[in-house]
Amino acid sequence: MATDEEASKTYPEMIMEAIEALNEKNGSNKSAMSKYIETKYGELPPSHSSLLTAHLARMRESGELLFIKNNYFRPGADVPPKRGRGRPPKPKPELPTGAVLPQLRPRGRPPKPKDPLAVAVAKATAGLPRRRGRPPKAARSAASGTAAPAAAVKRGRGRPPKVKPALVTDVV
C-alpha cells in the first residue's frame with residue numbers, strides 16, 4: 001500500500017516518476033503510466049483517468065513533457081523552452097543608468113480644451129433650477145455690429161408674389 005508521503009504526491013510528480021521508472025526508449029504512453037501509478041499508489045480517485053489526461057495535456061502545453069507519436073518524453077537539456085502563441089514581443093532597448101523613461105501617451109483621443117468662461121457659468125448655475133421649455137432666442141446686440149432693422153416686415157409662407165411695375169399715366 002501507499003505510505004503517507006507517497007499519497008501526498010501530486011499528479012505531475014507521479015507522472016514524472018512513472019516516466020523515469022518505465023524508462024522506455026520510445027517514451028511512455030498514457031496507459032502504461034496509468035497502470036504504473038495505479039500499482040504504486042493503490043487508492044486513487046474514481047476520476048483518475050480524466051485527471052491524468054488533464055495533467056498530461058497541461059504539462060505538454062507548458063513544455064514540461066514532449067508528445068511524439070502518442071508517447072510522452074522528458075525534454076532534454078538541449079531543447080529550447082516552448083514559446084507561447086502569437087508573435088513574440090519586441091526586445092526592449094537597455095537604458096543607461098539614471099535615465100528617465102519618457103511619459104507614455106494615454107490611449108484614445110485627447111480631451112478637448114475646456115472654455116474657462118463656460119466652466120465658470122456652469123459652476124455658478126449648478127444649484128439653480130432650470131426653466132421649462134426651449135430657452136429664448138438671444139437678441140442681436142449693437143456691439144456685434146449688426147443692428148436689427150427698424151421696421152421688420154414679417155413674410156408669409158411660400159414664394160413671394162411678383163412685383164408689378166407701376167403704371168405711368170400722362171395727364172395733359
Side-chain angles (χ1 to χ4, degrees), residues 1-138 140 144:
M1 276 290 194
T3 63
D4 290 336
E5 184 180 308
E6 289 176 342
S8 66
K9 282 196 170 181
T10 62
Y11 264 91
E13 291 172 349
M14 290 191 283
I15 290 169
M16 290 303 215
E17 184 182 326
I19 290 173
E20 287 177 15
L22 293 170
N23 198 19
E24 295 176 351
K25 183 178 120 182
N26 294 331
S28 304
N29 61 14
K30 186 170 76 170
S31 61
M33 283 188 275
S34 178
K35 285 179 188 174
Y36 175 82
I37 292 171
E38 285 173 359
T39 56
K40 173 122 187 194
Y41 296 101
E43 296 191 22
L44 294 170
S47 60
H48 165 69
S49 63
S50 61
L51 282 169
L52 181 67
T53 303
H55 282 281
L56 284 171
R58 187 178 305 140
M59 292 174 77
R60 183 176 64 220
E61 289 297 317
S62 68
E64 295 178 60
L65 293 177
L66 293 176
F67 184 67
I68 301 171
K69 295 183 182 176
N70 284 339
N71 291 327
Y72 293 90
F73 298 89
R74 288 186 76 173
D78 59 339
V79 176
K82 187 169 182 184
R83 190 171 79 72
R85 292 181 58 187
R87 184 178 185 148
K90 290 182 181 178
K92 296 183 179 178
E94 293 185 25
L95 296 174
T97 56
V100 179
L101 290 174
Q103 283 286 6
L104 295 176
R105 253 185 353 172
R107 292 181 58 167
R109 186 181 182 125
K112 288 183 178 179
K114 295 184 179 175
D115 181 22
L117 181 63
V119 172
V121 168
K123 277 186 182 178
T125 60
L128 301 176
R130 292 177 55 177
R131 291 177 46 191
R132 291 182 58 178
R134 185 176 179 142
K137 230 180 193 183
R140 291 188 184 180
S144 66

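Please read these numbers as outputs of a predicted model, since none were measured by experiment.
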For the residue pair [X] and [Y], establish whether any side-chain heavy-atom pair is separated by less than 4.5 Å.
X	Y	answer
I15	L65	yes
N71	S28	no
I19	Y72	yes
I37	E17	no

Mind checking what makes side-chain contact (heavy atoms from CB on, under 4.5 Å) contact with T97, not counting sequence neighbours?
none
Set of residues satisfying side-chain contact (heavy atoms from CB on, under 4.5 Å) with respect to D115, sequence neighbours excluded
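L117, A118.
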Among pairs that include at least one residue of residues 99-129, which meet ring-ring contact (aromatic ring centres under 6.0 Å, His included), considering only residues two or more places apart or in two chains?
none
Side chain T125, main chain V121, donor-acceptor under 3.5 Å
yes
Any donor-acceptor pair under 3.5 Å from N29 side chain to N70 backbone
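Flag not set: sc N29 to bb N70 has no pair under 3.5 Å.
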Nearest 0.5 Å, what's the [atom1]-[atom2] distance between [X] and [Y]?
X	Y	atom1	atom2	result
K30	F67	NZ	CZ	9.0 Å
L56	L51	CG	CG	11.0 Å
K9	M16	NZ	CE	12.0 Å

Specify the closest pair of heavy atoms between P75 and G63, including all atoms of both residues, with the distance to one decimal.
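Taking P75 first and G63 second, the nearest heavy atoms are CG-O, 3.6 Å.
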What is the minimum heavy-atom distance between F73 and K25, and which atoms define it?
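Shortest heavy-atom separation between F73 and K25 comes out as CE2-O, 3.8 Å.
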What's the verdict on side chain to side chain contact (heavy atoms under 4.5 Å, CB included) for M14 and K40, showing C-alpha distance, side-chain angles and the deciding distance?
CA-CA 10 Å; M14 290 191 283; K40 173 122 187 194; over 6 Å; no
Look at the rings of H55 and Y11 and say which category their plane angle falls in: under 30° parallel, 30 to 60° tilted, over 60° perpendicular.
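H55 vs Y11 ring planes: parallel.
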Carboxylate-amine/guanidinium proximity below 4.0 Å for E64 and R58:
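Salt bridge absent between E64 and R58.
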